[in-house]
Amino acid sequence: MIHYDQLLNNVPVIPIGDFNSNKKWDKIHRVGNHTHVVELLAGKNIISAYHQHSGEEQGDETTPTFYLQRNKNKPYHIDYCFISADMYEKFQTIEIGSYENWIAHSDNSPITIKFDQ
């Protein structure tokens, strides 16, 4: 079985999915909190496509990816698309599906990322 660290060392790489975490929920002494994971990825030159594109800081996202109990009034950003930093030069767009279009299917909205060929 390959350890995640080994996978992250094989660039280019795109870790994407529901991380179920956000800087807002970090505990100071908890190993493996969101900030720790983002720092670990940054140390491998892997960045969040959303944050790089939007200029927003981790924990200050304006576009939610998850609605607790499918409630529009309980939005959170817990899904991420990280990319090897050298891939950003080919990055075009990132889109997060809207509540209205996706809530009937899931409490998470899909993330779509496009690159130049």
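As the structure is a prediction and not an experimental result, all values here were calculated from the model.
- For the pair L8 and I46, the minimum side-chain heavy-atom distance is below 4.5 Å.
- Residues I14 and I94 are members of one and the same hydrophobic cluster, defined by side-chain heavy-atom contacts under 4.5 angstrom among Ile, Leu, Val, Met, Phe, Trp and Tyr.
- Side-chain atoms of I78 and D18, non-hydrogen and from C-beta on, do get closer than 4.5 Å to each other.
- At distances below 3.5 Å, at least one donor-acceptor pair connects side-chain atoms of Y99 with backbone N or O atoms of R70.
- The nearest pair of heavy atoms linking S48 to F82 is N-CD2, 3.5 Å.
- Using a 4.5 Å cut-off on side-chain heavy atoms (C-beta onward), Y50 and T63 make contact.
- Follow the hydrophobic side-chain contacts under 4.5 Å out from L68 and you never reach I103; the two are in separate clusters.
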* To do: Show your working on salt bridge (Lys or Arg N to Asp or Glu O under 4.0 Å) between E100 and K72 and close with a plain yes or no.
  => CA-CA 9 Å; E100 291 75 18; K72 191 173 185 174; 2.4 Å; yes
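- A donor-acceptor pair is defined here as one N or O able to donate and one able to accept, closer than 3.5 Å; such a pair exists between the side chain of T65 and the backbone of D79.
- Remark: side-chain polar atoms of N45 are not paired, donor with acceptor, to backbone N or O of A85 under 3.5 angstrom.
- Proximity of I47 to Y88: side-chain heavy atoms (C-beta onward) are separated by under 4.5 Å at one or more points.
- Residues I111 and E95 are not in side-chain contact: their nearest non-hydrogen atoms beyond the backbone lie 4.5 Å or more apart.
- Side-chain atoms of D116 and Q92, non-hydrogen and from C-beta on, do get closer than 4.5 Å to each other.
- Below 30°, between 30° and 60°, or above 60°: for F115 and F91 the angle between ring planes is above 60°, a perpendicular geometry.
- By the 4.5 Å heavy-atom criterion applied to side chains, Q58 and H51 are counted as neighbours.
- When all heavy atoms of T62 and P64 are compared, the closest pair comes out as O-CD, 3.6 Å.
- Between the side chain of N33 and the main chain of K27, a donor-acceptor pair closer than 3.5 Å is present.
- The backbone N or O of F66 sits nowhere less than 3.5 Å from a side-chain atom of N108 that would complete a donor-acceptor pair.
- A side-chain donor-acceptor contact under 3.5 Å links N9 to the backbone of D5.
- In terms of modelled atom types and a separation under 3.5 Å, the side chain of S84 and the main chain of M87 share no donor-acceptor contact.
- Between Y76 and W25, the gap from one ring centroid to the other is short of 6.0 Å.
- At least one side-chain heavy atom of E61 sits less than 4.5 Å from a side-chain heavy atom of N22.
- The OG1 atom of T112 sits 9.5 Å away from atom CD1 of I96, with the distance rounded to the nearest 0.5 Å.
- Taking CG from D60 and OG from S54, the interatomic distance works out to 10.0 Å, rounded to the nearest 0.5 Å.
- Summarising the geometry, atom OG belonging to S109 is positioned 9.0 Å from atom CG belonging to N101; distances are rounded to the nearest 0.5 Å.
- Using bins of under 30°, 30° to 60° and over 60° for the plane-to-plane angle, the ring pair F19/Y80 lands in the perpendicular bin.
- Between H77 and H34, a ring centre-to-centre spacing not shorter than 6.0 Å is recorded.
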